[in-house]
Amino acid sequence: MPGLTSRRSSSSRLQASPVTMANEPDSVNPSHALFDRFVQAQTCKETQQNFIELCRHLKVEPRDYKHFYSKLKDRLNYWKAKDLWQKIDKRAAHPDYEQGQACHQNKCLVLGAGPCGLRTAIELALLGTQVVVLDKRVSFMRNNVLHLWPYTIRDLLNLGAKKFYGRFCSGSIHHISIRQLQLILLKLALILGVEVHTGVTFEGLLEPAGSTGWRAQVSPGSHTAAAFEFDVFISAGGGRYVPDGFKIKELRGKLAIGITANFVNRRTKQEAQVQEISGVARIYNQKFFQELHSEIGVDLENIVYYKDDTHYFVMTAKKGSLLKKGVIKQDFPDVNQLLAPANVNQEALQEYAYDAANFSTDHMLPDLEFAKNHVGRPDVAVFDFTCMHRAENASLVKERKGKRLLVALVGDSLVEPFWPLGTGIARGFLAAFDTAWMVRNWGKGVLPLELLAERESMYQLLSQTTPENTSKNYASYSIDPSTRYPNVSLSCIKPTQVKRLYDTEDCKAKKQMKPIIIIKPKKESLRRLEDLLSWCQKSTAGYKHVKVKDLSESWRSGMALCALIHNFRPELIDLSSLDEYNITGTNKLAFDLMEREFGITPVMRASEMTTCGKIDQLSMVVYLTQIRNALTEKETPAECSNSLSLNNKTLSLSRTRSAAFFLNTLKRNSLQRRKDRLASEKGPRQQKMKEKEEDKDVKEEKVSGSDPETIDQWIDLVQEKNSLLSEESDLMVASRQLELEDKQSMLEMELRRYMEMDDSEKTPEQREHENRVLQEMLDVVDMRDSLVAFLEEKRLKEVNDELLRNSVLEAKKHSTAASQVLWD
Ligand code: FAD
């Protein structure tokens with residue numbers, strides 16, 4: 001932070017300040033009492049008020065952000081504050097911040113005072129940036145409890161979290177309520193000179209005009225934040241907030257209904273003795289879940305219980321039991337309708353959550369009473385985790401009238417977490433650090449495309465991060481990615497691949513001037529399309545209300561997709577139940593089936609098939625190609641599932657056929673790739689032949705007769721498509737990794753329990769179970785390894801593809817002859 005070092009030496013001068021009375025008892029010295037009140041404040045409002053009073057009393061101006069912290073430190077010579085100053089000074093002295101000079105000319109607006117927005121704001125303040133944070137809410141009211149990875153605990157302890165919240169991480173499981181975490185971070189941010197405005201809604205960005213730079217449109221419009229000009233905008237608006245220019249990808253899983261409930265924690269001895277549940281999934285404790293179901297009719301997939309400010313429970317409930325218990329009034333195939341407030345009976349929901357909490361804690365929590373939520377009602381809520389969102393990219397640069405703006409996403413708006421797995425804060429803070437690193441480079445004048453390429457390279461890692469594959473040396477964690485991600489490659493995405501993220505007036509104008517491209521794939525491509533079309537026509541011939549004439553509009557009603565599925569797997573679909581006019585419903589059915597049975601992600605949302613003006617042929621071709629491959633696989637999914645059995649024991653994790661099919665496909669592809677690689681490594685001759693084969697295979701489609709610009713655009717399009725597909729498969733892998741990670745930690749816990757027992761005490765059943773758990777754990781480790789190998793191979797392949805693409809472009813430059821392009 002600017003001024004940090006210079007101020008340290010002037011402390012003696014400031015001890016003489018009239019507002020500093022270091023030797024007086026705490027209760028007498030008003031600045032000490034104010035500081036204590038600020039540190040202990042339990043609401044956002046109280047924190048802000050005490051902070052203002054403290055500043056007023058010490059005569060320090062918070063807007064003097066460059067010198068604020070050092071002035072505050074110098075004027076508050078109070079032993080209770082000194083510990084905190086020491087911690088902050090230690091952090092601020094890290095070389096990454098360059099004594100607060102790294103970004104001293106930058107100004108940043110942060111949207112959202114959630115944990116991730118505030119954590120980013122703190123890092124930017126340490127870099128010397130002027131930071132303004134806006135939040136539309138005026139209070140921090142979320143009781144729900146967040147799981148913390150070990151590095152986040154160390155990070156918060158190093159920042160003095162215990163000074164603000166003495167109970168921080170004192171339980172057996174590491175967690176903190178959202179509101180407490182926000183309070184800690186808000187206090188730190190204020191101390192570091194960050195301006196935080198609550199009750200202010202961000203409405204959009206205002207482009208530079210005249211001599212004015214980038215600003216925000218806010219509500220109320222008269223707020224001072226409206227005049228703030230900035231060159232960095234961090235969007236940390238949480239959940240489904242998507243700022244202009246970013247695209248969000250939807251990861252649809254099987255129906256997952258989450259319930260959270262908070263009960264009053266009176267902190268009695270009896271409550272203290274109740275064991276927390278770090279996460280039990282149905283497959284690991286079938287007996288418990290069966291009893292829960294048979295005894296009280298509550299049917300769950302998993303449950304977590306943390307004892308924090310409240311007794312907090314999060315569980316995934318099965319739809320059937322929610323319907324039976326009257327929590328959900330009416331069944332709907334669409335999850336939004338299913339969980340719409342009007343379709344949820346709040347009283348029945350309370351009863352359901354109460355029963356689950358009571359049963360899972362063995363009725364040991366006395367007088368369970370719901371804590372109150374932000375509107376004073378019992379704090380119980382139901383959430384949909386069927387669709388998870390993730391931004392396609394983490395950053396972009398806009399340039400207007402010669403003024404550049406760096407825009408970045410952090411927290412839930414970048415990657416939405418699945419709460420029962422508790423990845424939100426861990427990955428949220430990693431992204432906050434990565435973003436701070438990018439802003440540091442921005443401050444240093446790194447060119448936009450290089451900066452974006454590096455950020456996007458880091459972003460590729462985020463969904464795969466686990467406590468196991470990130471560095472264990474928590475003490476050395478900094479905003480520098482190499483301290484956190486072992487073997488990170490910051491250049492796996494090249495500047496040329498992120499051109500679309502650099503939005504300038506020039507490229508806007510260029511886009512407008514470009515003629516509409518008529519893509520004319522030549523013979524080979526045409527033949528492939530004709531093959532696909534004719535396969536679709538043959539496979540759907542004779543089905544009612546189906547007439548496949550093309551690879552776009554003929555698929556709108558969803559009837560053709562259902563016919564395709566029925567032709568190959570009649571048992572999956574009841575055609576008589578279909579309504580050709582219910583476009584959304586029919587498409588949803590087909591999309592869901594394809595995803596569940598074959599792991600093929602839909603091309604778009606079912607509702608978009610009704611609303612979109614034109615169906616994107618390229619997407620449809622990719623989707624139908626995957627369907628054809630899956631439906632004409634020689635091995636049926638059932639066989640795949642069997643082949644995954646190890647030692648005649650089916651892997652319980654891959655209980656659903658789609659998971660088994662997916663993992664099996666991964667393994668098969670992986671083996672095939674290994675074989676290919678081995679073959680190609682036999683010698684330069686074979687290598688050359690393979691390259692030629694590949695060239696021919698590539699995968700040889702000539703766009704002759706097209707002008708170079710059309711070819712360029714065509715290549716750009718295909719590249720973009722490929723990168724989207726690649727991200728899609730990354731998401732699939734990431735979600736499987738999460739499952740495996742979750743399972744491994746459960747198994748480890750179970751094993752540890754057995755290890756703590758003396759062998760002679762174990763019954764034969766327990767010994768047998770212990771062996772089973774051990775074997776299962778080995779299987780999980782195997783599967784995790786195979787996913788890692790798959791990702792590694794995928795990355796290698798992407799590098800090869802990139803090389804191939806570059807050579808195609810090179811060849812085009814040197815010859816006006818036809819260019820080679822990738823079709824898929
Ligand atoms: P958030 O914490 O969601 O903060 C975003 C902030 O942006 C909010 O304060 C919001 O008011 C503000 N904002 C949004 N739009 C605007 C705008 N236009 N103008 C100004 N301000 C704006 N995770 C778990 O692990 N377990 C749980 O049980 C759990 N429960 C949750 C319950 C709720 C209701 C929510 C919303 C989230 C929950 N989460 C839970 C997720 C968890 O809170 C986040 O992972 C974590 O808080 C980090 O999020 P964030 O900072 O990215 O966003």
Side-chain angles (χ1 to χ4, degrees), residues 44 109-122 132-149 152 173-186 189 196-205 216-220 223 225-226 233-244 258-262 278-279 303-306 308-310 312-316 353 373-375 379-385 388-391 394 408-432 435:
C44 172
L109 183 77
V110 178
L111 185 175
C116 297
L118 289 170
R119 188 68 193 85
T120 313
I122 289 169
V132 173
V133 178
L134 302 182
D135 202 297
K136 61 183 177 189
R137 301 185 204 187
V138 288
S139 52
F140 297 161
M141 297 295 286
R142 284 175 286 172
N143 290 320
N144 285 2
V145 178
L146 304 172
H147 173 68
L148 299 173
W149 287 5
T152 42
I173 300 174
H174 295 127
H175 45 66
I176 189 168
S177 68
I178 302 174
R179 54 176 288 274
Q180 281 294 356
L181 182 56
Q182 281 178 285
L183 282 174
I184 294 173
L185 295 171
L186 171 67
V196 182
H197 300 289
T198 50
V200 184
T201 303
F202 171 88
E203 308 272 10
L205 287 169
Q217 187 176 343
V218 299
S219 168
H223 195 277
F233 174 59
I234 307 290
S235 178
R240 291 173 186 188
Y241 184 82
V242 190
D244 194 25
I259 295 178
T260 57
N262 286 283
S278 73
I303 186 158
V304 173
Y305 158 52
Y306 293 149
D308 211 279
D309 277 354
T310 56
Y312 162 78
F313 292 82
V314 58
M315 56 200 95
T316 318
N373 65 11
H374 61 290
V375 284
D379 193 352
V380 56
V382 60
F383 297 92
D384 165 34
F385 286 111
M388 305 300 287
H389 291 90
R390 179 198 151 131
L409 300 182
V410 296
D412 288 12
S413 70
L414 182 64
V415 178
E416 211 185 350
F418 179 49
W419 302 347
L421 287 186
T423 48
I425 284 306
R427 297 209 177 120
F429 280 16
L430 285 176
T435 304

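Atoms within each ligand, like the ligands themselves, are counted from 1 in listed order. What you see below is based on every heavy atom in this structure, not just the backbone, and it leaves out hydrogens, waters and symmetry mates.
For ligand 1, the atoms lying closer than 4.0 Å to a non-hydrogen atom of Gly411 are 52 (O). Atoms of ligand 1 found under 4.0 Å from any heavy atom of Gly112 (numbered from 1 in listed order, with element): 6 (C), 7 (O), 12 (C). Close approach to Pro417 involves these atoms of ligand 1, each under 4.0 Å from a residue heavy atom: 45 (O). For ligand 1, the atoms sitting less than 4.0 Å from at least one non-hydrogen atom of Gly238 are 3 (O), 5 (C), 53 (O), numbered in the order shown with element in parentheses. Atoms of ligand 1 found under 4.0 Å from any heavy atom of Tyr312 (numbered from 1 in listed order, with element): 26 (N), 27 (C), 28 (O). Atoms of ligand 1 lying under 4.0 Å from any heavy atom of Val200, numbered from 1 in the order shown and given with element: 20 (C). Interface of Ala236 with ligand 1, defined as ligand atoms under 4.0 Å from a residue heavy atom, comprises 5 (C), 6 (C), 7 (O).
To the nearest 0.5 Å, atom CG of residue Leu118 and atom CD1 of residue Ile184 are 11.5 Å apart. One distance of note links CZ of Phe202 with OG of Ser219; it measures 12.5 Å at 0.5 Å rounding. Here CZ of Arg137 is found 4.5 Å from CZ of Arg142. Values are rounded to the nearest 0.5 Å.
No heavy atom of Gly428 sits closer than 4.0 Å to any atom of ligand 1. Within the 4.0 Å heavy-atom cutoff, Phe140 does not count among the residues contacting ligand 1. Look at Leu414 and you'll find every heavy atom at least 4.0 Å from all atoms of ligand 1. Ligand 1 does not have Val314 within reach: every non-hydrogen atom of the residue lies 4.0 Å or more from it. Assignment of Val145 to the shell around ligand 1 is supported, since a heavy atom sits closer than 4.0 Å.
Taking His197 as the reference, His223 meet the ring pair (Phe, Tyr, Trp, His ring centres under 6.0 Å) condition, with sequence neighbours excluded. Residues meeting the side chain to side chain contact (heavy atoms under 4.5 Å, CB included) test with Ala261, sequence neighbours left out: Phe263, Ala353, Phe370, Val380.
Some N or O of Arg142 is nearer than 3.5 Å to an N or O of ligand 1, by distance alone. Annotation: Ser413 places no N or O atom under 3.5 Å from an N or O atom of ligand 1; distance criterion only. Considering backbone and side-chain N/O of Gly239, none are found under 3.5 Å from N/O of ligand 1.
The side-chain contact (heavy atoms from CB on, under 4.5 Å) test with Asp308 singles out one residue from Asn262, Leu146, Val145, and that residue is Val145. The side-chain contact (heavy atoms from CB on, under 4.5 Å) test with Val132 is passed by exactly one of Val196, Leu109, Val110: Leu109.
The aromatic rings of Tyr306 and His175 sit parallel to each other, their planes meeting at less than 30°, with 60° as the upper class boundary.
Residue contacts with ligand 1, taken as heavy atom pairs separated by less than 4.0 Å, involve Ile178 solely via side-chain atoms from C-beta onward.
Counting only N and O atoms by type, the side chains of Asn143 and Asn373 include no donor and acceptor under 3.5 Å apart.
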